[in-house]
Amino acid sequence: MIDRPQTSPPHDMVLLPVRPDSGRHLVLAAVFVCAACGLVYELELVALATYLIGDSVTQASVVLSVMVFAMGIGSLLAKRMRCRAAVGFGLLEAALALVGGSSAMVLYASFAWFGGSGVPLVLFSLTIGILIGAELPLLMSLIQRISRRDADGTVADLFAADYVGALVGGLAFPFLLLPWLGELTGALVTGAVNAVAGGALVLWLFRRDLTPRWRTRLLTLNILVVAVLAGATVMVDDFERAARRAVYGSDVRVAVRTGVQEVVVTDGPSRPPDLFLNGRLKVRGADEHRYHEALVHPAMRGPHERVLILGGGDGLAAREVLRYADVRSVTLVELDPGVVGLARSDPALVALNDDAYDDPRMRVVTADAFSWLREHEGTYDVIVCDLPDPGITASTKLYSQEFYGLAGRVLADGGRLVVHAGPTGRPHTYWTVDATLRAAGFGTTAYRVRGSEAGVAGGPARFRAGADAAMDWGLLIAAEGHAPQLGIGADAPRLRSEVEETLTQDTYAAERTRLTGLLPSTLVHPRYTR
């Protein structure tokens, strides 16, 4: 009988505590988890930057383009670590867990205490992108050390696990992490999961590929990273309270996250409440009457038995409409029921809106205004658009030709539509809204009303710094086929001396920049096309 020589793994193969097939599956599981965490970091940066800075298209473009570029750099840098792939991957995942997990908190702190987060956003996108880009080359080296058979199949398996993990991370972020944990805690928990997954793979599966010194170093490093993230998680509530004080001042009385946005109410013993939505000043109590009277009363000059308010969940536009005794019904369409609930129940807001929601003529619909208009069949004498600022990307569809075409379908003959078109200090935005209305078949009259110095002085310092925009509200009143005359009735005595109808426009620039839209011809009523 011939004795067969005992075979041993090649010198570049690693001895594993499990069978090679099981080791391969564990590496693929680590790829899955790391890919999910990486995509959560990306989406977290986009979401928080949109909340803090605004303009979701710009922020998503900056984050994604910088990260993709950085991933290429990371892939190149990973070549230097392939000779010690286990050590390199262990260090990489610890760094990624710490940087990615803390990114949301650091961005929020930069915004709260330093007034900006643009530079940290780019730095985090660059750093996280480099670390994510280095993952796959190192994981490829590790899985090849388990088995060199079927190299093409191994590459396919790695990319499949990576893409599926990205899918799971992308779905988990909006449907699990944000609703259950919030932005800050969600990022910290994701970092902890990332550290545990990366550390377990290296310290257990590839522990024989590490010297005792490196095992100790990596174990200590991962424990420290998880401890830092856990400590930050415990402190999240205190941190958010301190950050809100830095952003809004010391008079924060209500701070809640609805299913749509963050709602903050500030006030003091000697001043009315201010309302902030997602960090932006929506209602300045000291002079909100200027805006809401200017928004509502010019449109009420004529038939106004049936009034539709789009947005305006604070109830302040409804307050002005309900001053008219001959108004029979008011329908208010608001996306966020949390704002409506607060306006119904908060004593300061109830006092400000004159308890408008208890008026029997009021009907509240919780819906997206665009979608609701597509399905609604009734008609209204007046439509008041008290919507988010047109400069915010998320509200663009509410200032499109499609939207105004749908609004025209429910506007009664002789009815009037009034729109808040942003500050006239941003003429590009303002006249784009005007041109879009005219493209939908409306004639328009432009006007504005200025805020008061007292109103601006009453708010937090960081918002007083941007008072030039808040001091001016640009408005447009529109009617089918003709420009309506601007008139202020006796119901708004404070307003008559404050409205200015002295606006002129660059017609050519407005026509060039109007939102043309893509409304199918079957949805455009013949009355609203030219």
Side-chain angles (χ1 to χ4, degrees), residues 48 51-52 54 108 111-113 115 182-184 236-293 295 309 311-320 332 334-359 362 364 366 386-389 392 394-395 420 451-452 454-467 469-471 473:
L48 195 60
Y51 165 62
L52 298 177
Y108 196 15
F111 172 79
W113 281 282
E183 290 172 333
L184 303 187
V236 159
D237 290 341
D238 292 335
F239 171 82
E240 286 190 316
R241 282 192 290 269
R244 285 196 188 100
R245 285 195 297 270
V247 173
Y248 301 107
S250 58
D251 295 330
V252 176
R253 184 170 53 78
V254 177
V256 296
R257 286 188 180 274
T258 68
V260 178
Q261 59 200 334
E262 182 184 61
V263 182
V264 173
V265 177
T266 67
D267 57 18
S270 59
R271 67 179 182 90
D274 295 337
L275 175 66
F276 299 85
L277 304 179
N278 273 350
R280 295 173 179 82
L281 181 61
K282 176 64 169 60
V283 172
R284 189 172 53 243
D287 67 347
E288 57 77 22
H289 69 275
R290 294 169 179 258
Y291 164 72
H292 289 101
E293 288 185 354
L295 178 71
I309 302 175
D314 48 48
L316 299 174
R319 174 197 66 197
E320 298 302 320
L332 186 143
E334 168 62 46
L335 177 64
D336 190 352
V339 173
V340 174
L342 194 62
R344 286 181 183 271
S345 60
D346 183 80
L349 291 179
V350 169
L352 200 63
N353 64 36
D354 287 345
D355 212 2
Y357 284 107
D358 278 351
D359 193 296
M362 278 287 292
V364 179
T366 301
D386 188 13
L387 297 165
D389 192 278
I392 301 173
S395 65
H420 166 232
S452 67
V456 176
R462 67 180 297 106
F463 296 98
R464 294 199 299 270
M471 286 289 290
W473 292 290

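Heads up: numbering here begins at 1 and tracks the sequence. Remember, predicted model here, so these are calculated numbers, not experimental data.
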Review point. Do the charged groups of Asp274 and Arg284 touch, with an N to O distance under 4.0 Å?
Key: no
Review point. Counting N and O atoms only, with roles assigned by atom type, does the side chain of Asp386 sit under 3.5 Å from a partner on the main chain of His420, one being a donor and the other an acceptor?
Key: no
Review point. Is the closest side-chain heavy-atom distance between Met362 and Leu332 below 4.5 Å?
Key: yes
Exercise for review: Report yes or no: does Asp346 contribute a side-chain atom to a donor-acceptor pair with the main-chain N or O of Leu342 at less than 3.5 Å?
Suggested key: no
Study note, to complete from the structure: Heavy atoms of Ala246 and Trp113 approach each other most closely as CB-NE1, 3.7 Å
Check your understanding: Is Arg290 close to Asp287 at the side-chain level, that is, under 4.5 Å between some pair of heavy atoms?
Key -> yes
Exercise for review: Using a strict cut-off of less than 4.0 Å between a Lys/Arg side-chain nitrogen and an Asp/Glu carboxylate oxygen, indicate whether Asp355 and Arg319 qualify as a salt bridge.
Suggested key: no
Practice item. Would you indicate whether the side-chain heavy atoms of Thr258 and Pro337 approach each other to under 4.5 Å? Key: no
Review point. Looking at NE2 of His292 and CD of Glu320, how far apart are the two atoms once the value is rounded to the nearest 0.5 Å?
Key: 8.0 Å
Check your understanding: Would you find a donor on one side and an acceptor on the other, under 3.5 Å apart, between the side chain of Asp314 and the backbone of Val339?
Key -> no
Check your understanding: Which heavy-atom pair separates Tyr357 from Ala343 by the least distance, and what is that distance?
Key -> CE1-CB, 3.7 Å
Practice item. Answer yes when Glu288 and Lys282 have at least one side-chain N-carboxylate O distance shorter than 4.0 Å, and no when they do not. Key: no
Point to revise | Validation row: Val264, Thr266 side chains within 4.5 angstrom (heavy atoms) | key: yes
Review point. Only one of Val283, Val252, Leu275 forms a side-chain contact (heavy atoms from CB on, under 4.5 Å) with Val265, so which one is it?
Key: Leu275
Point to revise | No-hydrogen, no-angle side-chain donor-acceptor test under 3.5 Å, Tyr108 and Glu240 | key: no
Study note, to complete from the structure: The reported gap from CD1 in Ile309 to CG in Leu316 (rounded to nearest 0.5 angstrom) is 10.0 Å
Point to revise | His289 and Glu293: side chain donor to acceptor below 3.5 Å | key: no
Exercise for review: Using modelled atom types only, decide if a donor and an acceptor are shared between the side chain of Asp354 and the backbone of Ala356 within a distance under 3.5 Å.
Suggested key: no
Point to revise | Residue pair Arg253 / Ala348: nearest heavy atoms and the distance that separates them | key: NH2-CB, 3.4 Å
Review point. Considering only heavy atoms from C-beta outward, does the side chain of Val263 approach that of Gln261 to under 4.5 Å?
Key: yes
Exercise for review: State whether the side chain of Asp267 and the backbone N or O of Pro272 hold a donor-acceptor pair below 3.5 Å, judged by distance alone.
Suggested key: no
